[in-house]
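Below, chain A is the first sequence line, B the second, and so on; all start at residue 1.
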Protein chains: 2
Amino acid sequence: MSTVLETPKGKGEATRERILEIAEAAVLAKGFGATSIEEVIAEAGLTKSGFFYHFKDKNALAREMVRRYVATNDRLFDEIFGRGQQLSDDPLQAFLISLKLLAETMADLPNGHPGCLIASICYQERLFDREIRDLTAQSVRDWNARFRTILDGIAAVHPPREPVDLDDVADMLSCIVDGAIIMSKTLNDPGRLERQIMIFRSCIKLMFAPPLS
Amino acid sequence: MSTVLETPKGKGEATRERILEIAEAAVLAKGFGATSIEEVIAEAGLTKSGFFYHFKDKNALAREMVRRYVATNDRLFDEIFGRGQQLSDDPLQAFLISLKLLAETMADLPNGHPGCLIASICYQERLFDREIRDLTAQSVRDWNARFRTILDGIAAVHPPREPVDLDDVADMLSCIVDGAIIMSKTLNDPGRLERQIMIFRSCIKLMFAPPLS
DNA sequence: GAGAAACCGTACCATGAGTACAGTTTTGGA
DNA sequence: TCCAAAACTGTACTCATGGTACGGTTTCTC
């Protein structure tokens, strides 16, 4: 936090990070329940004892995975929506720019989006304790609130053409992204995520942009 | 097929159906990997031998679950979008009516939408064989094509205000629904699914309906 | 009443989560 | 340089679950 680079951590921290990264990839491909600790430690190159030195149990692993995922996503959103605000003073234009940036970022992922951890957990809710479910719920609420704030700024300048609930429009972005990730993965067509974000962008234009001519 | 009622099946068929129903609920709550055959047979009231008499292995169970899920969904869509066409000759109005019906149907589910089996499988792809993944992919393609056909009919009468790719708009519905199901479940707020379908409906209106006045 | 369909019972194997605990290496700081 | 804490390794269990094998029993249907 105090330096631009990551604060230097001990060797253990690096191992933890490696475990979390491997585990996340496995969970997104097979689900938490079907991800064995054995395969994670095999890929990470350490023993079962080593794993349990870092994580009390599988649930502790899940908790840290979610924290990591949420933090990474928060940083990405900070960057993308901050950049949009830098590039235009008009809140609508800024948002449209950010959405384009988001679409490009998703399109640039080498093998397509690996998946949304929150969605993965949602479809295995019974496997997790209350703390983890609260964590996922709160992160979704935070993201929705972030988008809602942006929309408030837009609506103040550009009154919507049709009466729409801004909370619902804010929710819509997360829904589109999560749904498009699923469609991309199911159809094995990574491009669909980018296109869905762009079509959402068109909807925003239709809602707030003044009609041409 | 030949009669209005389900063709009468043997007793075994009823058991199969019961197993599939219980298994589907369990899979949507905990994921396929974490759903044990033991708990399914316990709830169904039969033994492990009985289970394996009906299904070769867990993958065969998954295959039949998907078939069942897709068939049920197809029937629902047939009904809802057929009903819309009955109620208006204008393709746009018919679609808007159908979307309203869809939203109401989702709102009427007693404990909220139980979850999308295709999404659940998508987040555990490695657990399933090619046949199952092909099945889920094909069903998504079919649904998208269905919506695309409807949109073609609309665009022929009501040219879109803004250039939009109709394939993307068609995809959008599935994405919204899948994403909204996840949000509903994660936030434990079933109402969000209905509202997202209605906001999608607003977007359709904005795209195709002529501006008022 | 015979044969097929729809099961039950039992025994068994392999895998993976998780526990326990003692021992070993590595690392950073006084 | 040495010492203590951190970061592991190794072994040896328990328990639950998926899955196999196979023979026996009930129940339905023609």
task = To the nearest Å, give me how far apart CD (B:Glu13) and C1' (D:dT29) are.
result = 17 Å

ask   = Rounded to whole angstrom units, what separation is found between the CD atom of B:Glu39 and the P atom of D:dT17?
value = 8 Å

query = With a non-hydrogen cut-off below 4.0 angstrom, is A:Ser36 in contact with a base, only sugar-phosphate, or nothing?
reply = sugar-phosphate

Atom-to-atom span, CZ of A:Phe51 to P of C:dA17 - whole angstrom = 9 Å

ask   = Given C:dA6, is OP1 or OP2 found less than 4.0 Å from the side-chain N or O atoms of B:Tyr53?
value = yes

request  = Calculate the interatomic distance between B:Ile41 atom CD1 and C:dG9 atom P; express it in whole Å.
outcome  = 11 Å

query = Taking the side chain of A:Ile37 as heavy atoms from C-beta outward, which of D:dG10, D:dG18, C:dG18 is closest to it?
reply = C:dG18

inquiry  = Any side-chain N or O of B:His54 below 4.0 angstrom from OP1/OP2 of C:dA6?
reply    = no

key: For atom CZ of A:Arg16 and atom P of D:dC8, their distance in whole Å   = 11 Å

task = Provide, to the nearest angstrom, the distance between the CD atom belonging to B:Glu38 and the P atom belonging to D:dG18.
result = 6 Å

inquiry  = Between the base of D:dG19 and the side chain of B:Lys48, is there a donor and acceptor pair under 3.5 angstrom?
reply    = yes

ask   = So does B:Thr15 get a side-chain nitrogen or oxygen closer than 4.0 Å to the phosphate oxygens (OP1/OP2) of C:dA6?
value = no

query = Quick one: B:Asp57 CG to C:dC13 C1', roughly how many Å, whole number?
reply = 17 Å

query = Where does the angle between the aromatic ring planes of B:Trp143 and B:Phe77 fall among parallel (under 30°), tilted (30 to 60°) and perpendicular (over 60°)?
reply = perpendicular

message = Expressed as a whole number of angstroms, how long is the span from B:Leu61:CG to D:dG19:C1'?
response = 14 Å

ask   = Could a donor-acceptor pair under 3.5 angstrom be found where the side chain of A:Ser49 meets the base of D:dG10?
value = yes

ask   = Looking at D:dG19, D:dC8, C:dG18, which one has an atom nearest to any side-chain atom of A:Phe52?
value = C:dG18

message = Has B:Asp178 got a side-chain atom pairing as donor or acceptor with B:Ile181's backbone, closer than 3.5 angstrom?
response = no

inquiry  = Quick one: does any side-chain atom of A:Gln124 pair with a main-chain N or O of A:Gly33 as donor and acceptor, under 3.5 Å?
reply    = yes

note = Only one of A:Arg67, A:Arg68, A:Arg18 passes salt bridge (Lys or Arg N to Asp or Glu O under 4.0 Å) with A:Glu24, and that residue is A:Arg68

task = Name the residue closer to the 5' end of DNA chain C, choosing between A:Gly33 and B:Gly50 according to the nucleotide with the nearest heavy atom.
result = B:Gly50

request  = May I ask you to check if B:Arg63 and B:Phe55 form a cation-pi contact, with NZ or CZ under 6.0 angstrom from the six-membered ring centre and within 45° of the axis?
outcome  = no

